[in-house]
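Please read all numbers here as calculations on a predicted model, not as lab measurements.
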Amino acid sequence: MQISAGLLTSLWERNNFPFTMEFFNSALGKNITFVRPAYFKIVGFIGIPNMNYYYIFLFFVFFVSVLGNTTVMALIYLDHNLRSGKYVAIFNLAFVDLLGNTALVPKVIDIFLFNHYYISYGECLTFYFFCNICLSMQSLNLVALCYDRLIAILYPLHYQVRVTPKIMLSIVAFIWLFVLTCVLIALGLLTRLSFCDSVVINSFYCDHGPMYRLACNDQTPNLVHGNLLIALILWVPLIIIMSSYICIGHTLAKIATAHERIKALKTCTGHLSLVAIYFIPVLTVYNMRANIHPNARIINLSMTTVFPPMLNPIIYVLQTQEIRASLKKILQSKMNLRVASK
(Lines give C-alpha, C1' and ligand atoms only; values in the text may rest on other atoms or scores of the structure.)
Protein backbone atom coordinates (compact mmCIF):
# COMPACT_ATOMS: atom_id res chain seq x y z
CA MET A 1 0.00 0.00 0.00
CA GLN A 2 1.50 3.33 -1.10
CA ILE A 3 0.87 6.17 1.35
CA SER A 4 1.72 9.72 0.31
CA ALA A 5 3.62 12.13 2.52
CA GLY A 6 0.66 14.56 2.47
CA LEU A 7 -1.72 11.91 3.76
CA LEU A 8 0.70 11.00 6.55
CA THR A 9 1.02 14.62 7.56
CA SER A 10 -2.74 15.16 7.69
CA LEU A 11 -3.21 11.98 9.71
CA TRP A 12 -0.59 13.09 12.20
CA GLU A 13 -2.12 16.54 12.56
CA ARG A 14 -5.63 15.14 12.95
CA ASN A 15 -4.79 12.59 15.64
CA ASN A 16 -1.76 14.25 17.21
CA PHE A 17 0.04 10.91 17.57
CA PRO A 18 3.87 10.89 17.54
CA PHE A 19 4.25 8.63 14.51
CA THR A 20 7.61 7.41 13.32
CA MET A 21 8.01 6.50 9.65
CA GLU A 22 10.38 3.96 8.20
CA PHE A 23 11.04 3.24 4.55
CA PHE A 24 12.14 -0.11 3.18
CA ASN A 25 11.42 -2.33 0.23
CA SER A 26 8.55 -4.78 0.16
CA ALA A 27 8.67 -8.26 -1.34
CA LEU A 28 7.57 -6.71 -4.64
CA GLY A 29 10.47 -4.29 -4.66
CA LYS A 30 8.32 -1.17 -4.16
CA ASN A 31 8.97 1.56 -1.63
CA ILE A 32 6.26 1.53 1.04
CA THR A 33 5.86 3.89 3.96
CA PHE A 34 4.91 2.24 7.25
CA VAL A 35 3.38 4.39 9.95
CA ARG A 36 4.41 3.20 13.38
CA PRO A 37 3.25 4.83 16.61
CA ALA A 38 5.69 5.71 19.34
CA TYR A 39 3.45 3.85 21.78
CA PHE A 40 0.34 1.73 22.25
CA LYS A 41 -2.19 2.05 25.04
CA ILE A 42 -3.36 -1.15 26.78
CA VAL A 43 -6.91 -0.68 28.10
CA GLY A 44 -8.23 -4.21 28.67
CA PHE A 45 -8.94 -3.89 32.41
CA ILE A 46 -9.69 -0.16 32.52
CA GLY A 47 -13.20 0.61 33.75
CA ILE A 48 -13.87 -2.79 35.31
CA PRO A 49 -14.90 -2.31 38.97
CA ASN A 50 -13.01 -3.79 41.95
CA MET A 51 -10.01 -4.79 39.81
CA ASN A 52 -7.54 -4.28 42.65
CA TYR A 53 -8.76 -7.56 44.15
CA TYR A 54 -8.14 -9.29 40.84
CA TYR A 55 -4.57 -7.96 40.74
CA ILE A 56 -3.99 -9.44 44.20
CA PHE A 57 -5.36 -12.73 42.88
CA LEU A 58 -3.03 -12.53 39.86
CA PHE A 59 -0.05 -11.97 42.16
CA PHE A 60 -1.06 -15.02 44.22
CA VAL A 61 -1.37 -17.10 41.04
CA PHE A 62 2.05 -15.86 39.90
CA PHE A 63 3.67 -16.68 43.26
CA VAL A 64 2.23 -20.22 43.35
CA SER A 65 3.17 -20.74 39.70
CA VAL A 66 6.78 -19.70 40.27
CA LEU A 67 7.06 -21.83 43.41
CA GLY A 68 5.41 -24.91 41.88
CA ASN A 69 7.17 -24.89 38.52
CA THR A 70 10.55 -24.12 40.07
CA THR A 71 10.05 -27.04 42.46
CA VAL A 72 9.19 -29.46 39.64
CA MET A 73 12.18 -28.33 37.58
CA ALA A 74 14.50 -28.61 40.58
CA LEU A 75 13.24 -32.12 41.43
CA ILE A 76 13.78 -33.35 37.87
CA TYR A 77 17.25 -31.79 37.76
CA LEU A 78 18.37 -33.12 41.16
CA ASP A 79 16.87 -36.62 41.04
CA HIS A 80 18.62 -38.91 38.54
CA ASN A 81 15.64 -41.26 38.68
CA LEU A 82 13.61 -38.56 36.91
CA ARG A 83 15.87 -38.33 33.86
CA SER A 84 13.58 -40.39 31.61
CA GLY A 85 11.97 -39.19 28.39
CA LYS A 86 8.66 -38.42 30.10
CA TYR A 87 10.30 -35.99 32.51
CA VAL A 88 12.06 -34.16 29.69
CA ALA A 89 8.58 -33.14 28.49
CA ILE A 90 7.43 -32.35 32.06
CA PHE A 91 10.54 -30.21 32.64
CA ASN A 92 9.86 -28.32 29.41
CA LEU A 93 6.20 -27.82 30.42
CA ALA A 94 7.27 -26.41 33.80
CA PHE A 95 9.86 -24.14 32.14
CA VAL A 96 7.32 -22.77 29.64
CA ASP A 97 4.72 -22.23 32.39
CA LEU A 98 7.28 -20.40 34.52
CA LEU A 99 8.49 -18.26 31.62
CA GLY A 100 4.95 -17.49 30.44
CA ASN A 101 3.57 -16.28 33.77
CA THR A 102 6.81 -14.39 34.48
CA ALA A 103 6.52 -12.57 31.15
CA LEU A 104 2.81 -11.82 31.53
CA VAL A 105 1.67 -11.34 35.12
CA PRO A 106 4.21 -8.78 36.47
CA LYS A 107 3.80 -6.66 33.34
CA VAL A 108 -0.01 -6.78 33.54
CA ILE A 109 0.08 -5.75 37.21
CA ASP A 110 2.51 -2.93 36.39
CA ILE A 111 0.32 -1.68 33.51
CA PHE A 112 -3.03 -1.63 35.28
CA LEU A 113 -2.26 -1.35 38.99
CA PHE A 114 0.30 1.44 38.56
CA ASN A 115 -1.42 3.08 35.56
CA HIS A 116 1.42 2.51 33.10
CA TYR A 117 -1.01 2.08 30.22
CA TYR A 118 1.31 3.41 27.53
CA ILE A 119 3.85 0.96 26.17
CA SER A 120 6.38 1.71 23.43
CA TYR A 121 6.05 0.12 20.00
CA GLY A 122 9.16 -2.05 20.37
CA GLU A 123 8.32 -3.06 23.93
CA CYS A 124 4.81 -4.04 22.86
CA LEU A 125 6.13 -6.33 20.12
CA THR A 126 8.58 -7.90 22.61
CA PHE A 127 5.73 -8.37 25.09
CA TYR A 128 3.69 -10.05 22.35
CA PHE A 129 6.58 -12.31 21.34
CA PHE A 130 7.29 -13.84 24.75
CA CYS A 131 3.63 -14.19 25.76
CA ASN A 132 2.60 -15.90 22.54
CA ILE A 133 5.64 -18.19 22.49
CA CYS A 134 4.67 -19.55 25.91
CA LEU A 135 0.93 -19.68 25.24
CA SER A 136 1.55 -21.60 22.01
CA MET A 137 4.00 -23.99 23.64
CA GLN A 138 1.50 -25.13 26.27
CA SER A 139 -0.84 -27.04 23.95
CA LEU A 140 2.02 -28.61 21.99
CA ASN A 141 3.69 -29.71 25.22
CA LEU A 142 0.49 -31.60 25.98
CA VAL A 143 0.90 -33.39 22.64
CA ALA A 144 4.42 -34.45 23.63
CA LEU A 145 3.11 -35.82 26.94
CA CYS A 146 0.28 -37.52 25.04
CA TYR A 147 2.89 -39.34 22.95
CA ASP A 148 4.41 -40.66 26.18
CA ARG A 149 1.04 -42.02 27.39
CA LEU A 150 0.17 -43.44 23.96
CA ILE A 151 3.37 -45.50 23.75
CA ALA A 152 3.09 -46.57 27.41
CA ILE A 153 -0.41 -48.04 26.85
CA LEU A 154 -0.21 -49.28 23.26
CA TYR A 155 3.39 -50.54 23.23
CA PRO A 156 4.43 -51.10 26.86
CA LEU A 157 7.22 -53.53 25.91
CA HIS A 158 8.75 -50.95 23.56
CA TYR A 159 8.34 -47.98 25.91
CA GLN A 160 11.98 -47.82 27.01
CA VAL A 161 13.08 -47.77 23.36
CA ARG A 162 10.50 -45.35 21.93
CA VAL A 163 10.37 -42.79 24.77
CA THR A 164 14.03 -42.14 25.47
CA PRO A 165 15.38 -38.76 26.63
CA LYS A 166 16.98 -38.30 23.21
CA ILE A 167 13.69 -38.90 21.35
CA MET A 168 11.73 -36.63 23.69
CA LEU A 169 14.39 -33.93 23.38
CA SER A 170 14.02 -34.15 19.61
CA ILE A 171 10.24 -33.77 19.91
CA VAL A 172 10.58 -30.80 22.27
CA ALA A 173 13.20 -29.16 20.03
CA PHE A 174 10.91 -29.55 17.00
CA ILE A 175 8.03 -27.99 18.95
CA TRP A 176 10.19 -25.01 19.93
CA LEU A 177 11.38 -24.54 16.34
CA PHE A 178 7.82 -24.75 15.00
CA VAL A 179 6.40 -22.29 17.54
CA LEU A 180 9.29 -19.84 17.11
CA THR A 181 8.79 -19.89 13.35
CA CYS A 182 5.04 -19.29 13.60
CA VAL A 183 5.34 -16.46 16.12
CA LEU A 184 8.22 -14.79 14.25
CA ILE A 185 6.15 -14.82 11.05
CA ALA A 186 3.26 -13.20 12.93
CA LEU A 187 5.67 -10.66 14.43
CA GLY A 188 7.10 -9.87 11.00
CA LEU A 189 3.61 -9.32 9.60
CA LEU A 190 2.81 -6.95 12.47
CA THR A 191 5.85 -4.81 11.64
CA ARG A 192 4.46 -4.29 8.13
CA LEU A 193 1.26 -2.67 9.39
CA SER A 194 0.57 1.06 9.46
CA PHE A 195 -1.27 2.46 12.49
CA CYS A 196 -2.79 5.70 11.22
CA ASP A 197 -5.68 6.18 13.63
CA SER A 198 -6.06 4.41 16.96
CA VAL A 199 -3.29 3.02 19.18
CA VAL A 200 -5.67 1.65 21.83
CA ILE A 201 -5.38 -2.13 22.32
CA ASN A 202 -8.52 -3.54 23.93
CA SER A 203 -6.81 -6.43 25.68
CA PHE A 204 -4.77 -7.08 28.81
CA TYR A 205 -1.52 -7.46 26.83
CA CYS A 206 -0.22 -6.84 23.32
CA ASP A 207 -2.45 -9.45 21.71
CA HIS A 208 -2.18 -10.25 18.01
CA GLY A 209 -5.84 -9.84 17.03
CA PRO A 210 -6.57 -6.52 18.79
CA MET A 211 -3.28 -5.15 17.44
CA TYR A 212 -3.57 -5.94 13.75
CA ARG A 213 -7.22 -4.81 13.63
CA LEU A 214 -6.00 -1.28 14.43
CA ALA A 215 -4.03 -1.09 11.19
CA CYS A 216 -5.10 1.16 8.34
CA ASN A 217 -3.43 -0.82 5.54
CA ASP A 218 -4.10 -4.37 4.29
CA GLN A 219 -4.64 -6.76 7.24
CA THR A 220 -5.36 -9.86 5.13
CA PRO A 221 -1.97 -11.60 5.71
CA ASN A 222 -2.34 -11.08 9.47
CA LEU A 223 -5.92 -12.39 9.42
CA VAL A 224 -4.97 -15.49 7.44
CA HIS A 225 -1.89 -16.23 9.54
CA GLY A 226 -3.81 -15.60 12.79
CA ASN A 227 -6.54 -18.09 11.84
CA LEU A 228 -3.94 -20.59 10.65
CA LEU A 229 -2.04 -20.19 13.92
CA ILE A 230 -5.21 -20.87 15.96
CA ALA A 231 -5.80 -24.03 13.92
CA LEU A 232 -2.20 -25.25 14.30
CA ILE A 233 -1.79 -24.34 17.96
CA LEU A 234 -5.25 -25.09 19.31
CA TRP A 235 -7.34 -27.37 17.10
CA VAL A 236 -4.67 -29.68 15.62
CA PRO A 237 -3.18 -30.54 19.07
CA LEU A 238 -6.67 -31.13 20.46
CA ILE A 239 -7.54 -33.46 17.56
CA ILE A 240 -4.25 -35.36 18.01
CA ILE A 241 -4.83 -35.76 21.74
CA MET A 242 -8.45 -36.87 21.32
CA SER A 243 -7.46 -39.37 18.60
CA SER A 244 -4.70 -40.73 20.83
CA TYR A 245 -7.10 -41.30 23.71
CA ILE A 246 -9.56 -43.04 21.39
CA CYS A 247 -6.73 -45.44 20.54
CA ILE A 248 -5.85 -45.76 24.24
CA GLY A 249 -9.49 -46.47 25.12
CA HIS A 250 -9.73 -49.08 22.36
CA THR A 251 -6.57 -50.77 23.69
CA LEU A 252 -7.75 -50.68 27.31
CA ALA A 253 -11.06 -52.27 26.28
CA LYS A 254 -9.13 -55.35 25.19
CA ILE A 255 -7.56 -55.84 28.63
CA ALA A 256 -9.17 -58.80 30.35
CA THR A 257 -9.63 -57.56 33.93
CA ALA A 258 -11.21 -54.32 35.09
CA HIS A 259 -8.48 -53.90 37.71
CA GLU A 260 -5.76 -53.79 35.03
CA ARG A 261 -7.81 -51.36 32.94
CA ILE A 262 -8.25 -48.99 35.88
CA LYS A 263 -4.58 -49.29 36.79
CA ALA A 264 -3.51 -48.38 33.25
CA LEU A 265 -6.02 -45.54 33.05
CA LYS A 266 -4.75 -44.04 36.30
CA THR A 267 -1.40 -43.42 34.64
CA CYS A 268 -3.23 -41.05 32.25
CA THR A 269 -5.19 -39.05 34.84
CA GLY A 270 -2.47 -36.44 35.30
CA HIS A 271 -2.22 -35.74 31.59
CA LEU A 272 -6.01 -35.77 31.13
CA SER A 273 -6.31 -33.23 33.95
CA LEU A 274 -3.82 -30.92 32.22
CA VAL A 275 -5.69 -31.27 28.92
CA ALA A 276 -9.01 -30.42 30.58
CA ILE A 277 -7.56 -27.43 32.47
CA TYR A 278 -6.03 -25.99 29.30
CA PHE A 279 -8.56 -26.71 26.55
CA ILE A 280 -11.96 -26.46 28.25
CA PRO A 281 -11.64 -22.82 29.43
CA VAL A 282 -10.00 -21.69 26.15
CA LEU A 283 -12.64 -23.33 23.97
CA THR A 284 -15.42 -22.01 26.21
CA VAL A 285 -14.17 -18.42 25.98
CA TYR A 286 -13.68 -18.54 22.21
CA ASN A 287 -17.01 -20.24 21.50
CA MET A 288 -18.98 -17.88 23.75
CA ARG A 289 -17.13 -14.65 22.95
CA ALA A 290 -20.10 -13.26 20.99
CA ASN A 291 -22.54 -13.95 23.85
CA ILE A 292 -20.66 -12.55 26.83
CA HIS A 293 -19.79 -9.00 27.88
CA PRO A 294 -16.39 -7.78 26.60
CA ASN A 295 -15.15 -7.20 30.16
CA ALA A 296 -16.15 -10.73 31.18
CA ARG A 297 -14.43 -12.10 28.07
CA ILE A 298 -11.18 -10.31 28.90
CA ILE A 299 -11.26 -11.47 32.53
CA ASN A 300 -12.00 -15.07 31.49
CA LEU A 301 -9.31 -15.02 28.84
CA SER A 302 -6.74 -13.71 31.30
CA MET A 303 -7.66 -16.45 33.78
CA THR A 304 -7.36 -19.17 31.13
CA THR A 305 -3.92 -17.77 30.35
CA VAL A 306 -2.45 -17.65 33.88
CA PHE A 307 -4.36 -20.41 35.68
CA PRO A 308 -3.03 -23.58 33.92
CA PRO A 309 0.65 -22.72 34.63
CA MET A 310 -0.24 -22.54 38.32
CA LEU A 311 -2.20 -25.81 38.40
CA ASN A 312 0.08 -27.93 36.18
CA PRO A 313 2.87 -28.47 38.76
CA ILE A 314 0.33 -29.09 41.55
CA ILE A 315 -1.34 -31.80 39.48
CA TYR A 316 1.93 -33.50 38.61
CA VAL A 317 3.18 -33.40 42.20
CA LEU A 318 -0.10 -34.83 43.51
CA GLN A 319 -0.75 -37.41 40.77
CA THR A 320 2.74 -38.59 39.79
CA GLN A 321 4.16 -41.14 42.20
CA GLU A 322 7.78 -40.64 41.09
CA ILE A 323 7.66 -36.87 41.74
CA ARG A 324 5.98 -37.35 45.11
CA ALA A 325 8.61 -39.90 46.08
CA SER A 326 11.41 -37.60 44.93
CA LEU A 327 9.98 -34.63 46.85
CA LYS A 328 9.53 -36.76 49.96
CA LYS A 329 13.10 -38.06 49.70
CA ILE A 330 14.59 -34.57 49.36
CA LEU A 331 12.52 -33.18 52.24
CA GLN A 332 13.46 -36.16 54.40
CA SER A 333 17.16 -35.69 53.67
CA LYS A 334 16.93 -32.00 54.61
CA MET A 335 15.22 -32.89 57.89
CA ASN A 336 17.92 -35.45 58.64
CA LEU A 337 20.60 -32.84 57.99
CA ARG A 338 18.92 -30.39 60.37
CA VAL A 339 18.66 -33.04 63.08
CA ALA A 340 22.29 -34.03 62.61
CA SER A 341 23.47 -30.42 62.83
CA LYS A 342 21.77 -29.85 66.22
Side-chain angles (χ1 to χ4, degrees), residues 15-19 36-69 96-138 183 186-187 190 193 195 197-215 226 277-278 281-282 284-286 288-312:
N15 297 289
N16 197 26
F17 289 136
F19 290 116
R36 295 175 180 173
Y39 58 83
F40 286 102
K41 184 179 181 181
I42 314 294
V43 299
F45 291 150
I46 296 177
I48 303 177
N50 301 317
M51 283 303 294
N52 286 343
Y53 298 107
Y54 186 64
Y55 303 140
I56 295 172
F57 170 74
L58 284 181
F59 179 78
F60 171 77
V61 169
F62 172 69
F63 176 78
V64 175
S65 175
V66 170
L67 181 63
N69 287 295
V96 169
D97 288 344
L98 177 63
L99 181 62
N101 268 6
T102 302
L104 180 65
V105 176
K107 187 63 178 177
V108 168
I109 293 175
D110 176 64
I111 290 172
F112 295 104
L113 185 61
F114 300 104
N115 302 327
H116 296 155
Y117 306 125
Y118 295 94
I119 179 171
S120 69
Y121 177 85
E123 188 180 358
C124 195
L125 293 184
T126 303
F127 192 21
Y128 160 80
F129 174 78
F130 282 104
C131 289
N132 278 270
I133 283 288
C134 297
L135 292 175
S136 301
M137 283 293 298
Q138 288 183 18
V183 174
L187 189 66
L190 284 174
L193 294 177
F195 299 90
D197 191 7
S198 176
V199 293
V200 177
I201 300 176
N202 188 25
S203 183
F204 59 96
Y205 77 109
C206 294
D207 198 357
H208 180 258
M211 282 183 69
Y212 82 74
R213 294 188 189 99
L214 298 175
I277 288 170
Y278 178 80
V282 170
T284 301
V285 170
Y286 276 102
M288 295 182 60
R289 58 185 173 182
N291 301 319
I292 61 176
H293 192 276
N295 289 345
R297 184 186 64 83
I298 290 176
I299 292 290
N300 290 336
L301 190 59
S302 66
M303 290 186 67
T304 61
T305 302
V306 302
F307 219 57
M310 181 192 75
L311 293 179
N312 290 348

Side chains of [X] and [Y]: closer than 4.5 Å at any heavy-atom pair?
| X | Y | result |
| --- | --- | --- |
| Y205 | N132 | yes |
| L58 | M51 | no |
| V199 | Y118 | no |
| F127 | I111 | yes |
| L98 | V66 | yes |
| L193 | M211 | no |

Q.
Using a strict SG to SG cutoff of under 2.5 Å, would you count C206 and C124 as disulfide-linked?
A. yes
Q | Candidate pair T304 and T284, rule side chain to side chain contact (heavy atoms under 4.5 Å, CB included), full reasoning | A | CA-CA 10 Å; T304 61; T284 301; over 6 Å; no
Q) Does a side chain donor of either S65 or N69 reach within less than 3.5 Å of an acceptor in the other side chain? A) yes
Closest heavy-atom contact between [X] and [Y]?
| X | Y | value |
| --- | --- | --- |
| I46 | K41 | CD1-CE, 4.5 Å |
| V61 | V306 | CG1-O, 3.4 Å |
| V105 | F62 | CG1-CB, 3.6 Å |
| C131 | L104 | SG-CD1, 3.7 Å |
| C134 | V96 | O-CG1, 3.4 Å |
| P309 | N101 | CB-ND2, 3.5 Å |

Find the distance between [atom1] ([X]) and [atom2] ([Y]) and round it off to the nearest 0.5 Å.
| X | Y | atom1 | atom2 | result |
| --- | --- | --- | --- | --- |
| M310 | F60 | CE | CZ | 6.0 Å |
| F204 | T305 | CZ | OG1 | 4.0 Å |
| I119 | T126 | CD1 | OG1 | 8.5 Å |
| D207 | Y212 | CG | OH | 10.0 Å |
| Y121 | F195 | OH | CZ | 6.0 Å |
| N312 | F307 | CG | CZ | 11.0 Å |

Q) Where do H208 and V183 land on the side chain to side chain contact (heavy atoms under 4.5 Å, CB included) test, with the steps shown first? A) CA-CA 10 Å; H208 180 258; V183 174; over 6 Å; no
**Q.** Pairs touching residues 48-59 that satisfy side chain to side chain donor-acceptor pair (under 3.5 Å), sequence neighbours left out
**A.** Y54-S302
Q) Can you say whether the rings of Y117 and F112 are parallel (under 30°), tilted (30 to 60°) or perpendicular (over 60°)? A) tilted
